[in-house]
Asks: 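Would you mind keeping the following structure in view while I ask a few things?
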Amino acid sequence: MASMAPEALGALEESLMTQIETSADFVRGMVADDIKSGRFDGRVITRFPPEPNGYLHIGHAKSICLNFGLAAEFGGVCHLRFDDTNPTREEMEYVESIQEDVRWLGWDWGENLFYASDYFGQLYDYAVQLIEKGKAYVCDLGAAEIREYRGTLTAPGKESPYRDRSVEENLDLFRRMREGEFEEGSHVLRAKIDMVSPNLNLRDPVLYRILKETHHRTGDEWPIYPTYDFAHGQSDSIEHITHSVCTLEFENHRPLYDWLQEELGIYRSQQIEFARLNLTYTVMSKRRLMELVEGGYVNGWDDPRLPTISGLRRRGYTSAAIRDFCDRIGVARRDNTVEIALLEHTLRDDLNKKAPRVMGVLDPLKVVIENYPEGETEQIISANNPEDNTAGNRNVPFSRTVYIEKDDFREVPPPKFYRLSPGREVRLKDAFYITCTGVVKDETTGEVIELRCTYDPETYGGTSADGRKVRGTSQWVSAEHAIDAEVRIYDHLFMKEDPDDVADGGDFKDNLNPDSLKVLKSCKLEQSVKDAKPGARFQFLRTGYFCVDKDSTPEAPIFNRTVALRDTWGRMDKARSRG
Ligand code: ATP
Ligand code: MG
């Protein structure tokens with residue numbers, strides 16, 4: 001392609017060249033260089049290789065957007081490959097949820113859905129080839145001994161007494177391992193590399209171990225399973241993956257990755273490492289998420305407090321916001337932790353454009369408008385989205401009794417409180433000015449349970465003809481027309497930015513936020529949301545973005561608060577730039 005005359009470039013090539021010139025991060029830079037130099041014949045094949053042992057989280061989204069994004073930008077393809085080589089922890093439930101999540105994020109693997117378990121036969125043959133080359137041997141040391149013989153970063157390893165078995169003996173033992181003749185832990189197959197290598201991964205790493213477990217796809221066909229190191233690179237090679245993008249902890253595995261493909265003389269892929277995503281106030285590893293789910297600390301993998309894709313989706317996140325977030329954080333080689341406020345900020349940006357505005361009252365206080373005719377209803381016109389002038393208006397019914405937020409009234413208003421209090425006039429959003437003329441209290445508790453007000457019929461639409469100004473505006477819902485709903489308000493799952501910041505002997509779970517979920521049972525919502533389907537999103541004026549929960553029904557509506565309106569990211573950003 002590099003030799004092609006510019007006028008011969010088609011549209012795809014042209015966009016490729018633009019991409020190459022503007023590569024935004026080092027991974028894209030490396031891929032662009034490979035295309036320019038003609039390595040891999042200019043092809044780009046990436047893969048996203050989840051192990052189906054849990055649900056995907058937002059960290060995986062970063063990897064998904066990178067791998068599928070690279071393929072899309074460079075005219076290549078991205079494979080979805082299940083790295084299902086460990087039968088003890090894997091389940092079909094996870095295989096299905098992972099596909100659903102990748103699709104929901106908006107990516108398409110087309111025909112390129114693969115399973116490492118489909119390569120078990122080929123991987124076995126590769127292992128036999130290594131044995132025949134004298135590059136692998138069956139070792140009878142136990143796991144603890146293997147660890148002991150491996151040495152440390154400062155101490156060299158020691159060779160296994162089984163290291164010099166003959167090829168014939170190794171072939172025979174490996175075949176018998178495969179036939180299920182030996183017990184778990186009695187034998188492993190190891191690569192024969194270098195027990196004094198400074199890289200511990202090259203000190204005769206284990207390639208196969210005996211596991212008498214039923215695999216979710218291959219059943220009881222195999223009593224031996226390849227390790228990650230043996231399965232991963234060879235699967236990449238089988239699929240002709242050009243760029244195998246993974247997280248930094250595999251950097252020290254790259255020499256082994258290369259050694260294996262080289263010794264086997266098979267298709268060579270390029271492993272490239274990048275920094276994994278960490279987020280404040282949450283945990284990201286599947287092991288920990290599993291612990292929270294199985295220990296009942298949250299309500300399942302799709303609990304809206306979790307950073308799982310399914311949790312974020314249930315919470316009301318859009319896939320566009322998650323992809324935008326992945327773009328904004330970029331791809332680098334240095335480990336860092338991103339503030340969760342940036343994720344929320346990105347979400348608000350998206351919802352602000354998309355979510356229709358409605359009125360809802362989360363903690364209702366009854367207001368009776370004494371001079372409003374009994375039994376009458378009129379329609380108030382309200383804009384569906386002031387940020388989107390194509391969104392139109394809707395009618396909101398108004399009547400003699402309405403609800404406002406308890407917080408929007410103070411019997412004794414503190415300084416700078418501009419909302420309702422006895423004798424004061426405020427605006428009911430888009431409707432009328434009202435003045436508080438009386439307060440009804442619960443006789444025993446003294447709590448304010450109802451307000452008596454009057455309204456000014458000359459202020460329809462929320463403006464007064466005589467130019468009279470009011471400082472406060474409240475959202476409201478007509479009592480007669482209101483929908484009763486449950487609303488779930490979420491806060492960070494952990495109280496500390498770093499959940500691992502615990503006292504000696506403590507555990508990340510010590511930092512769980514006891515107030516991460518508040519359930520409000522008696523919310524009053526505007527009639528227009530009555531038929532909203534699970535997943536539908538709204539902005540409730542002044543209280544945040546909300547989404548209909550998957551368990552919601554017309555009889556018992558449930559809304560999740562996706563995110564509050566207040567944007568802490570903007571403030572933090574300003575504080576930063578002020579220095
Ligand atoms: P976890 O550590 O959460 O259990 P994992 O790495 O074991 O994740 P895999 O199923 O093996 O999970 O991951 C699939 C792909 O997603 C891998 O390429 C992995 O590097 C990548 N990935 C996992 N976590 C993150 C993260 N936090 N940021 C970026 N990429 C990630
Ligand atoms: Mg893993």
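When a ligand or atom number is given, it counts from 1 through the structure's own listing order. Each residue takes its place number in the sequence, starting with 1.
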Asks: List every atom of ligand 1 that sits less than 4.0 Å from any heavy atom of F48, numbering the atoms from 1 in the order shown and giving each element.
Replies: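 By the 4.0 Å cutoff, the relevant atoms are 14 (C), 15 (C), 16 (O).
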Asks: When rounded to the nearest 0.5 angstrom, what distance separates CZ in R323 from SG in C65?
Replies: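 Answer rounded to 0.5 Å: 6.0 Å.
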Asks: Which of the atoms in ligand 1, numbered in the order shown and given with their element, are less than 4.0 Å from a heavy-atom of H60?
Replies: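 By the 4.0 Å cutoff, the relevant atoms are 8 (O), 9 (P), 10 (O), 12 (O), 13 (O), 14 (C), 16 (O), 22 (N), 23 (C).
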Asks: Nearest non-hydrogen contact with atom 21 (C) of ligand 1 belongs to which option: S63, C246, P52?
Replies: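 Shortest heavy-atom distance from atom 21 (C) of ligand 1: S63.
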Asks: I'd like to know whether CD of E249 has more than 12 heavy-atom contacts from other residues, nucleotides or ligands below 6.0 angstrom.
Replies: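 Counting neighbours around CD of E249, more than 12 heavy atoms of other residues, nucleotides or ligands fall under 6.0 Å, so yes.
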Asks: Check whether any heavy atom of H57 sits under 4.0 Å from an atom of ligand 1.
Replies: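 The answer is yes, since H57 has a heavy atom less than 4.0 Å from ligand 1.
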Asks: Any heavy-atom pair between the side chains of T85 and F120 that's under 4.5 Å?
Replies: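 A side-chain contact exists here, since the closest heavy-atom pair is under 4.5 Å.
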Asks: Run down the list C326, S244, G59, A275 and name the one with the heavy atom closest to atom 30 (N) of ligand 1.
Replies: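 Closest candidate by heavy-atom distance is G59.
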Asks: Salt bridge (charged side-chain N to carboxylate O under 4.0 Å, His left out) between D491 and R305: does it pass, once the steps are laid out?
Replies: CA-CA 8 Å; D491 194 1; R305 291 168 290 182; over 6 Å; no
Asks: Would you kindly check if the NZ (Lys) or CZ (Arg) of R537 is within the cone defined by 45 degrees around the ring axis of Y545 and under 6.0 Å from the six-membered ring centre?
Replies: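 No, cation not above the ring by the 6.0 Å, 45° rule.
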Asks: Could you tell me whether K192 and D204 make a salt bridge, using a distance below 4.0 angstrom between a side-chain N and a carboxylate O?
Replies: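 Answer for the salt bridge query: no.
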Asks: Within the structure, does F274 bring an N/O atom to less than 3.5 angstrom of an N/O atom in ligand 1?
Replies: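 N/O-N/O distance below 3.5 Å does not exist for this pair.
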Asks: Could you list which atoms of ligand 1 come closer than 4.0 Å to a heavy atom of P50?
Replies: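 Contacts of ligand 1 toward P50, numbered from 1: 10 (O), 14 (C).
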Asks: For Y297, does the OH atom have more than 12 heavy-atom neighbours from other residues, nucleotides or ligands under 6.0 Å away?
Replies: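 Atom OH in Y297 is not packed in, count stays at 12 or less.
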Asks: Quick check on contacts: which atoms of ligand 1 are under 4.0 angstrom from a heavy atom of E51?
Replies: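 So the answer, numbered in order with elements, is 9 (P), 10 (O).
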Asks: Give the single entry among K286, R276, H232 that approaches atom 6 (O) of ligand 1 most closely by any heavy atom.
Replies: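 Answer by nearest heavy atom: R276.
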Asks: In terms of side-chain geometry, is the basic nitrogen of K354 or D349 positioned less than 4.0 Å from the acidic oxygen of its partner?
Replies: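 No, this pair does not count.
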Asks: Ignoring angles and geometry beyond distance, decide whether K62 reaches within less than 3.5 Å of ligand 1 through its nitrogen or oxygen atoms.
Replies: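 So ligand 1 has no N or O lying under 3.5 Å from an N or O of K62.
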Asks: For ligand 1, note which part of F250 has a heavy atom under 4.0 Å away: side chain, backbone, both or neither.
Replies: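 No part of F250 is near ligand 1 at this cut-off.
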